[in-house]
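As the structure is a computational prediction, the values presented were derived from the model and not from experiment. Note that ligands are numbered from 1 as they come in the structure, with each ligand's atoms numbered from 1 the same way.
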Amino acid sequence: MLAAFLPGNRTVELREVADPDPGHGQVLVDVRASTICGSDLRAIYREHLGEGPEAYQGVVGGHEPCGVVVAVGGGVERIRVGDRVVVYHISGCGQCEECRRGYQISCTSPRRAAYGWQRDGGHADRLLAEERDLLVLPDSLSYLDGACVACGFGTAYEALCRADVSGRDRLLVVGLGPVGLAAGLLGKAMGATTVIGTDPSPDRRALALQLGAVDEALAGGDEELADLLGDGAEVAVDCSGNGRGQLTALRHTRRWGRAVLVGEGGQLSVDVSEVLIHRQLTVHGSWVTSTVRMAELLEHLDRWGLHPDRVVTATFPLAEAGTAYEVADAGAGGKVGIVWDDRDG
Ligand SMILES: [Zn+2]
Ligand SMILES: [Zn+2]
């Protein structure tokens with residue numbers, strides 16, 4: 001089968017590799033969609049920056065896979081051949097407290113391995129996955145929808161759940177990359193009455209408006225935000241991952257409001273009394289999501305009729321993975337996907 005590797009220095013290497021064989025508790029997935037994440041670009045594609053859970057170990061790339069099960073190993077009980085599945089992208093030890101709660105992302109066992117980082121990921125015709133990492137995709141959702149949920153939409157949904165977003169809230173989304181777009185779309189579905197997005201890129205602002213992810217899109221200056229929101233939004237989510245954006249999110253959260261930092265990276269310097277204490281803020285750090293919450297999101301998306309694949313602005317076959325990464329790295333559009341067959345299959 002064909003597989004794409006990410007040697008660094010903005011290169012993609014295509015190689016023929018042997019088809020994997022599912023062992024005990026494992027499942028073989030025929031990959032149908034495998035989207036590219038900001039973290040793939042930041043920590044693997046440009047250069048191998050990652051340490052610990054972000055250390056790339058030369059495996060098949062791609063941690064947002066979705067496909068159909070074609071074989072199961074011994075002891076597999078819940079998942080069957082023919083199931084359409086989303087792969088939760090971190091395989092934990094399965095036994096520690098975090099894993100048992102479904103937060104395999106926070107597993108600290110040496111056995112923990114993320115797909116596309118420490119074990120083979122979704123940029124290949126077939127993927128070997130652990131049964132416990134798989135969620136069954138509702139019939140109404142496409143494979144590309146599922147790939148978007150595997151990391152980005154799951155991460156955005158978790159952040160919104162942590163802030164308990166509802167119809168009582170206006171939502172500020174700082175950073176309108178794919179996770180920011182997801183936060184806007186999901187925030188509206190969860191009831192937020194007004195969604196304000198900020199991003200320095202005019203292209204990203206235009207896309208967010210066009211997709212209906214935000215009601216207003218601003219460059220992110222303090223004055224224009226204060227004009228629109230007064231004391232601030234009841235809930236703010238930072239998806240920018242840089243200190244400037246993170247500070248914008250905190251400064252424009254309303255007194256007694258809730259802020260969530262979900263964009264990875266950045267260094268934040270903040271006047272603690274002025275911005276946090278005197279304004280009575282609750283600030284959450286939120287890292288990815290749990291398998292339980294991801295399953296819940298899939299059920300809601302089905303009920304809401306919301307298709308995450310609308311944030312995908314370009315798709316390529318696996319043979320053109322190099323171009324797919326170039327387009328994603330340029331950062332002008334929405335999410336970029338590698339797909340097999342058509343996008344609705
Ligand atoms: Zn990701
Ligand atoms: Zn664990």
Side-chain angles (χ1 to χ4, degrees), residues 4 6 25 31 33-46 48-50 52-56 59-66 86-123 127 129-133 135 144-159 175-183 186 237-241 261-265 286-294 297 308-309 311-312 321 324-325 328-329 331 334-338:
L6 302 169
V31 183
S34 179
T35 42
I36 296 172
C37 181
S39 63
D40 293 322
L41 301 168
R42 176 175 54 79
I44 308 180
Y45 176 68
R46 292 174 195 145
H48 295 176
L49 281 183
E54 280 202 338
Y56 174 65
V59 296
V60 175
H63 65 265
E64 303 181 346
C66 185
V86 176
V87 182
Y88 176 91
H89 62 273
I90 302 100
S91 197
C93 71
Q95 299 298 334
C96 73
E97 196 173 320
E98 296 292 341
C99 281
R100 284 186 287 115
R101 293 172 63 220
Y103 286 87
Q104 302 197 65
I105 180 72
S106 299
C107 175
T108 53
S109 160
R111 281 159 59 198
R112 176 197 193 275
Y115 295 90
W117 299 83
Q118 295 94 30
R119 63 181 283 166
D120 287 339
H123 295 346
L127 165 71
E130 307 301 313
E131 181 186 28
R132 66 171 173 272
D133 306 336
L135 305 155
L144 202 50
D145 285 329
C148 291
V149 168
C151 176
F153 270 70
T155 297
Y157 180 62
E158 175 82 20
L176 296 173
V179 175
L181 296 175
L186 292 172
V237 179
D238 177 72
C239 304
S240 75
L261 304 179
V262 72
E264 293 254 20
S286 183
W287 192 21
V288 186
T289 189
S290 68
T291 47
V292 178
R293 197 92 95 180
M294 196 174 276
L297 172 60
D309 67 5
V311 308
V312 177
Y325 268 83
D329 193 33
K335 207 160 180 70
V336 176
I338 295 169

| Angular separation of Cys107 SG and Cys96 SG about the Zn ion (ligand 2), given to 10° | 120°

| said: side-chain hydrogen bond (donor to acceptor under 3.5 Å, both in side chains), that's the test. Do Trp287 and Glu158 meet it? Break it down for me. | reply: CA-CA 8 Å; Trp287 192 21; Glu158 175 82 20; over 6 Å; no

| query | Between Asp238 and Gly241, is there a donor-acceptor pair closer than 3.5 Å when you use the side chain of the first and the backbone of the second? | reply | yes

| task | Could you grab the angle centred on the Zn ion (ligand 1), going from SG in Cys37 to NE2 in His63, to 10°? | result | 110°

| Just wondering, is there an N, O or S atom on His89 that's nearer than 2.8 Å to the Zn ion (ligand 1)? | no

| said: In the structure I gave you, are the side-chain heavy atoms of Thr289 and Leu297 within less than 4.5 Å of one another anywhere? | reply: no

| Arg112 vs Glu98, salt bridge (Lys or Arg N to Asp or Glu O under 4.0 Å): CA-CA, chis, key distance, verdict | CA-CA 11 Å; Arg112 176 197 193 275; Glu98 296 292 341; over 6 Å; no

